[in-house]
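Chain A is the first sequence line, chain B the second, and so forth, proteins listed ahead of strands; every chain is numbered from 1.
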There are 2 protein chains.
Amino acid sequence: MSLLEKISDQATTLTPSERRLVENVIDSPTTAALGTAGELAKAAGVHEATASRLAKKLGFESYAAFRDALRDEFIATRETATRFEKTIAESTSGTILGELAREETQALGRIEEFITPEQIAEAAQILMRAQRIFVYGYGNAEVLALMMVKRFRRFGKDTHQLDTDPRGLAEQMLGLGSDDAVLSFAFRRPPRGYAALMETAKEVGAKTVMISGKSGALLTPRPDRLLAAPRSGDQDAFQTLTVPMTICNAIVIAAGLTAKEESLKKLDRLGQLIERFE
Amino acid sequence: MSLLEKISDQATTLTPSERRLVENVIDSPTTAALGTAGELAKAAGVHEATASRLAKKLGFESYAAFRDALRDEFIATRETATRFEKTIAESTSGTILGELAREETQALGRIEEFITPEQIAEAAQILMRAQRIFVYGYGNAEVLALMMVKRFRRFGKDTHQLDTDPRGLAEQMLGLGSDDAVLSFAFRRPPRGYAALMETAKEVGAKTVMISGKSGALLTPRPDRLLAAPRSGDQDAFQTLTVPMTICNAIVIAAGLTAKEESLKKLDRLGQLIERFE
DNA sequence: ACAAATTTGCAAGAAATATTGCAAACTCAA
DNA sequence: TTGAGTTTGCAATATTTCTTGCAAATTTGT
């Protein structure tokens, strides 16, 4: 029996104050699920003691147990790798594609909470001012690395994808200079060779830009510019590249704008030409 | 300043115990956001006092303030959910990133008008039943091709990325058999060599799946399965890969589900291993 | 290898949160 | 209107959670 059913079963025996509390819970369940008894009581305009009593009346051991039930029900906390499957099964119009699109939408909607326009502009500026750009990404991140290499080559930038193999990487880094920029990606774990890459870049004075998920916040040594935003999808299982890819696209567009003359149109014409003859 | 920035700021000065705490937070932010300092500490195997101190070190007034920040950023309450919908749908935020996110959202919202659940399921089935998978994409599409190669290799499928160079392509196609599947991508123009690839596949009886933008409808010869949905972005300017990438992700998830037993769990464990040792 | 500095856990106690006895306020029936 | 029954808030108490001084353990520099 779901929590809300449990509550509505009691609906006839609820006192006025209790009813106000329940209405409040139904109205904003997540807020109630996160707050304290006192907060809920205040929102409903009743005394906290009443909230405490309500929890017991509804059959819970304590207010804490009631709140836990609320959290279970209303807060999406990924429990297992099968969460997505579960979501699909439960949702009425459950299609994989639809659910996926919904999650991406939600993640995209929050993107600006993590990345400021300045960060985009600065990243674009660093890359466009660089004499050469070295792009580093491995595992899934290699996909984005490849994309950025392609995009910046279209701008006419001297762009290279760094080897994922430590030896090749070391060799490529020998030529790194102070006018160069390193763009790197990391999700989940910092890639092998990351530290060496960053240290070398710092030594020679090359600028470093990093695009990452949450885990980027822990990276040491720190890049000059860090653009970190959580990805969408299941924590433990399948995380998509939509959010970081959108950040990349924003940088590409900003880069196109900072290149003054070259507007998007020119980018496109060039792009079409290249695609046609590629 | 966002939580991730605060963490990043302190990343170099974190003590071992503090780092373990932060890793724990990053790995399962929602759990941390809901729990107490003691619970987080226990999960990280350190003393709760350390958790309390970490909160202060990151610049928060108290552990409670730290947890509030976690909730803000990582728990999708209804307020945050509706907030983005409004922001995204209506207002033009005036930033590149915001505008981009808005466009992607719109395109994603329409994706189910073009792709049915059956198409996703069939594509997944074809790929998972194939003995070998050959993936073909060039220009920007190469990015998605690479992604799919990585994803299906994780499923343990014998997956190969086809050469974009006509000669190499011809050579690789020699071994194509009736149990194989070809997954190809095309945007704007059909790639060079596309016709030859499709004809060869038809001759030997290999199944073909194509993911494309609007232009896919015009392709000849026709693939066995065509998944075409318009991309986001200006028609003539900068079109992103978000929509086709989401279709790809849906196929990967569907493939994982049809692989019944192990599905995402296996994908995850194997994936983590691969990433760690890659 | 030693001393200084840092980190960590322990445990006391501070603060926040929840519970409950009690009395005032309220409701309803006669 | 009165009185029995119910509901509610108050305030004291209990419980949970957080903070901090201190000392042990660990690390760092010489």
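For the pair Glu23(A) and Arg20(A), the salt-bridge criterion is not met [side-chain N within less than 4.0 Å of a carboxylate O].
Spacing between atom CG of Leu34(A) and atom P of dT17(C) amounts to 13 Å, rounded to whole angstrom units. In this structure, Lys42(B) places its NZ atom 15 Å from P of dG9(C), rounding to the nearest Å. Between Leu54(B) atom CG and dG9(C) atom P there is a gap of 13 Å when expressed in whole angstrom units. In this structure, Glu61(B) atom CD and dA14(C) atom P are separated by 19 Å, rounded to whole Å. In this structure, Glu18(A) atom CD and dC26(C) atom C1' are separated by 15 Å, rounded to whole Å. Regarding Tyr63(B), its OH atom lies at a distance of 14 Å from the P atom of dT17(C), rounded to whole Å. Regarding Lys57(A), its NZ atom lies at a distance of 6 Å from the P atom of dT7(D), rounded to whole Å. If you take CZ of Arg53(B) and P of dT20(D), they are 9 Å apart, rounded to a whole angstrom.
Closest contact between the side chain of His47(B) and the listed nucleotides dT8(C), dT8(D), dG9(C) involves dG9(C). Across dC18(D), dT8(D), dT19(C), the shortest atom-to-atom separation from the side chain of Pro16(A) is found for dT8(D). Residue Ser52(A) places its side chain closer to dT19(C) than to any other of dC18(D), dT19(C), dC10(C).
In summary, the side chains of Thr13(B) and Gln10(B) do present a donor paired with an acceptor at a separation below 3.5 Å, with no hydrogens or angles considered. Residues Thr95(A) and Glu112(B) have side chains that bring a donor and an acceptor to within less than 3.5 angstrom of each other. Looking at Arg222(A) and Ser8(B), their side chains do bring a donor and an acceptor atom within 3.5 Å of each other. Counting only N and O atoms by type, the side chains of Glu18(B) and Thr15(B) include a donor and acceptor under 3.5 Å apart.
Looking at which nucleotide of DNA chain C each of Thr15(B) and Arg67(B) is closest to, the 5′-most match is held by Thr15(B). Summary of the strand contacts: Glu48(B) and Glu39(A) both lie near DNA chain C, and taking for each the nucleotide with the nearest heavy atom, the more 5' one is attributed to Glu48(B).
Counting any heavy atom pair closer than 4.0 Å across all strands shown, Arg20(B) reaches no nucleic acid atom. Heavy atoms of Ala49(B) sit under 4.0 angstrom from at least one base atom.
In terms of phosphate contacts, Ser62(A) brings no side-chain nitrogen or oxygen within less than 4.0 Å of OP1 or OP2 of dA18(C). For Thr50(A) and dG9(D), the shortest distance from a side-chain N or O to OP1 or OP2 is below 4.0 Å. Residue Lys56(A) has no polar side-chain atom (N or O) positioned under 4.0 Å from OP1 or OP2 of dA18(C).
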